Amino acid sequence: MMVPAALLLLGALTAVLAPRVLARAEFPDREPVVALWVWQCVVVAVLLCCALSMTLSAAAAWQAVRGHVFAPAPSTVVEAYAFGVPGPWAAVTAVALACAGAWSGVTLVREIARARARRCRQEAELLDRAPLLPGEESGPDGRLVVLESERPDAWWLPGSVPRLVVTTAALRRLKGRQLDAVLAHEQGHARARHDWLLHSSAALATAFPQVPVFAAFRDEMHRLVELAADDMASRRHGRLTTALALVELNEDRGVFGPGPSTQAHVPQRVTRLLTPPRRLTPARRLRLTAAGALVPVIPVLVTFGPGLRALG
């Protein structure tokens, strides 16, 4: 039972310490795409710790499970894990982790179902407010929808046929390449499939709100996906143009005032676009990417370590 316990300890330490380390790091604002990758690797590492600990705990508790898990392995490998006489804690740990995994799956399915229902309501509302003209067919050419509204806004509506919705007030406000910058920002969300990141992070944070890494993962995903889309738009149309487009779309919402706002990140995004932080060198980006990829490898090495030593 030493390896399952070590995996649980490793997962707990990662879940507590990783958000603090990443919160103090400077690279997320400078390289949001790299930060998205590192955050995903950290969360995968925590989930791997739980899944591998559950598997080994079940193998220690029940001979039938052990026979399936170690079926192709020689007896020396099984002996290296020192399962011994199964105690009650092995079964309790395995069942508890299995229930946690099932609950995570339920919350993910529920989050996706809610998002799909919300998208269906939005599509129905769009069809009601912007109906197809006689003879007009809905297809790939209908990806851009102009909606009559006095509120300047633009958003990407995912689905089988993704569509970009822009209000008439936004068309009146956005000048020149500002509209192109907004379109590039929303297309950046769609191409990177940021909606799946948001659904996954929301599901984990909802299922386990007391786990620090999952709550921080959800909050950082909302911030980092916007920064990544801002960078994509600014590379094509310029930082000043993208910043002005953000201001035009949000200045009537009170986000630039002294009071609190639900869109408090917008002024920070504008400041970041106008005074961009210096990007990391390609070599440092590569090192951070590699370091992030190595994080999920650690629980795998802890799991297979005894067996590899027995074979070696």
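Predicted, not measured: the structure shown is a model, and the values here were computed from it. When reading the values below, keep in mind they use all heavy atoms of this one structure, side chains included, and skip hydrogens, waters and symmetry mates.
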Q: Is L311 close to F304 at the side-chain level, that is, under 4.5 Å between some pair of heavy atoms?
A: no
Q: Taking it one step at a time, do D231 and R272 satisfy side chain to side chain contact (heavy atoms under 4.5 Å, CB included)?
A: CA-CA 10 Å; D231 287 348; R272 178 178 176 273; 2.9 Å; yes
Q: Is K175 close to E248 at the side-chain level, that is, under 4.5 Å between some pair of heavy atoms?
A: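 Yes; the side chains approach each other to less than 4.5 Å.
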Q: Could you pull out all residues at least two apart from D29 that satisfy salt bridge (Lys or Arg N to Asp or Glu O under 4.0 Å)?
A: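 Result, salt bridge (Lys or Arg N to Asp or Glu O under 4.0 Å) vs D29: R223.
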Q: Answer yes if L48 and V43 sit in the same cluster of Ile, Leu, Val, Met, Phe, Trp and Tyr residues linked by side chain heavy atoms under 4.5 Å apart, and no otherwise.
A: no
Q: Are V297 and L9 linked, directly or through intermediate hydrophobic residues, by side-chain heavy-atom contacts shorter than 4.5 Å (ILVMFWY only)?
A: no
Q: Would you find a donor on one side and an acceptor on the other, under 3.5 Å apart, between the side chain of R218 and the backbone of A202?
A: no
Q: Of all heavy-atom pairs between F208 and A100, which one has the smallest distance, and what is that distance?
A: CZ-O, 3.4 Å
Q: Under a 4.5 Å cut-off applied to non-hydrogen side-chain atoms, are P19 and W39 in contact?
A: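 They are in side-chain contact.
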Q: Can you get from V213 to L10 by hopping between Ile, Leu, Val, Met, Phe, Trp and Tyr side chains that sit under 4.5 Å apart?
A: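 No, because V213 and L10 fall into different hydrophobic clusters, even though each may have its own neighbours under 4.5 Å.
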Q: What heavy-atom pair brings P306 and A80 nearest, and what distance separates the two atoms?
A: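 Taking every non-hydrogen atom into account, O-CB, 3.5 Å.
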Q: Got a second to check how far M221's CE is from S200's OG, nearest 0.5 Å?
A: 10.0 Å
Q: What are the two closest heavy atoms between P212 and A15, and how far apart are they?
A: CB-O, 3.7 Å
Q: Is there a side-chain contact between T206 and R110 (heavy atoms, below 4.5 Å)?
A: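 Answer yes - side chains close enough.
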Q: Hey, what do you get for OG1 (T281) to CD (E31), rounding to the nearest 0.5 Å?
A: 9.0 Å
Q: Suppose we screen for side chain to side chain contact (heavy atoms under 4.5 Å, CB included). Which residues come up paired with L286, at least two apart in sequence or across chains?
A: none
Q: Does L240 reach the side chain of L274, with side-chain heavy atoms less than 4.5 Å apart?
A: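 Result yes, sub-4.5 Å side-chain heavy-atom pair found.
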Q: Linking I/L/V/M/F/W/Y whenever their side-chain heavy atoms sit closer than 4.5 Å, directly or via other members, would V109 and W103 fall into one cluster?
A: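 Different clusters.
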Q: Decide if atom NE2 of H68 counts as having more than 12 heavy atoms of other residues, nucleotides or ligands within a radius under 6.0 Å.
A: no
Q: For E26, give me all partners under salt bridge (Lys or Arg N to Asp or Glu O under 4.0 Å), at least two apart in sequence or on another chain.
A: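 Expected list: R30, R284.
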Q: Rounded to the nearest 0.5 Å, how far does CG of L198 lie from CD of E111?
A: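 It is 9.0 Å, given to the nearest 0.5 Å.
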Q: Could you walk me through whether V46 and F214 pass side chain to side chain contact (heavy atoms under 4.5 Å, CB included), step by step?
A: CA-CA 10 Å; V46 174; F214 295 151; 4.2 Å; yes
Q: Indicate yes or no: does E150 engage R172 in a salt bridge with an N to O separation below 4.0 Å.
A: yes
Q: Are any side-chain N or O atoms of T167 and backbone N or O atoms of E148, one a donor and one an acceptor, separated by less than 3.5 Å?
A: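 Not at all, since once roles are kept as given, no pair shorter than 3.5 Å links the two residues.
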Q: Using the side chain to side chain contact (heavy atoms under 4.5 Å, CB included) rule, take H185 and T242 through it: C-alpha gap first, then chi angles, then the decisive distance, then the call.
A: CA-CA 9 Å; H185 175 98; T242 307; 5.6 Å; no
Q: What's the separation between atom CZ in R191 and atom CE in M232, rounded to the nearest 0.5 Å?
A: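 Output value for this atom pair is 7.0 Å.
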Q: Is the backbone of E186 close enough, under 3.5 Å, to the side chain of W156 for a donor and an acceptor to pair up by distance?
A: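 No; judged by distance alone, with no hydrogens or angles, the pair does not exist.
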Q: Does any non-hydrogen side-chain atom of L224 lie less than 4.5 Å from one of L227?
A: yes
Q: Following the transitive rule for hydrophobic clusters with a side-chain heavy-atom cut-off under 4.5 Å over Ile, Leu, Val, Met, Phe, Trp and Tyr, establish whether L7 and V65 coincide in one cluster.
A: yes
Q: Is any side-chain heavy atom of L183 less than 4.5 Å from a side-chain heavy atom of V166?
A: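 Touching, per the 4.5 Å side-chain cut-off.
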Q: Taking all non-hydrogen atoms of both residues into account, name the closest pair between L280 and F27 and its distance.
A: CD1-CB, 3.8 Å
Q: Among all residues two or more places apart in sequence or in another chain, which pass the salt bridge (Lys or Arg N to Asp or Glu O under 4.0 Å) test with D153?
A: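 So D153 forms a salt bridge (Lys or Arg N to Asp or Glu O under 4.0 Å) with R253.
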Q: Quick one: do V211 and F217 satisfy side chain to side chain contact (heavy atoms under 4.5 Å, CB included)? Show the steps, please.
A: CA-CA 10 Å; V211 179; F217 181 51; over 6 Å; no
Q: So, E226 versus H194: side-chain donor-acceptor pair below 3.5 Å or not?
A: no
Q: Linking Ile, Leu, Val, Met, Phe, Trp and Tyr by side-chain heavy atoms under 4.5 Å, what else ends up with W196?
A: L108, I112
Q: Find the distance between CG (L157) and CG (L164) and round it off to the nearest 0.5 Å.
A: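 Going from CG on L157 over to CG on L164, the span is 9.5 Å.
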Q: Counting C-beta onward and ignoring hydrogens, is there a side-chain heavy-atom pair between L246 and D230 closer than 4.5 Å?
A: yes
Q: Residues sharing L97's hydrophobic cluster, by side-chain heavy-atom contacts under 4.5 Å among ILVMFWY, directly or via others?
A: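 L8, M54, all in the cluster of L97.
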Q: Tell me if a side-chain donor or acceptor on T107 pairs with a main-chain N or O of S104 at a distance below 3.5 Å.
A: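 Yes; judged by distance alone, with no hydrogens or angles, the pair exists.
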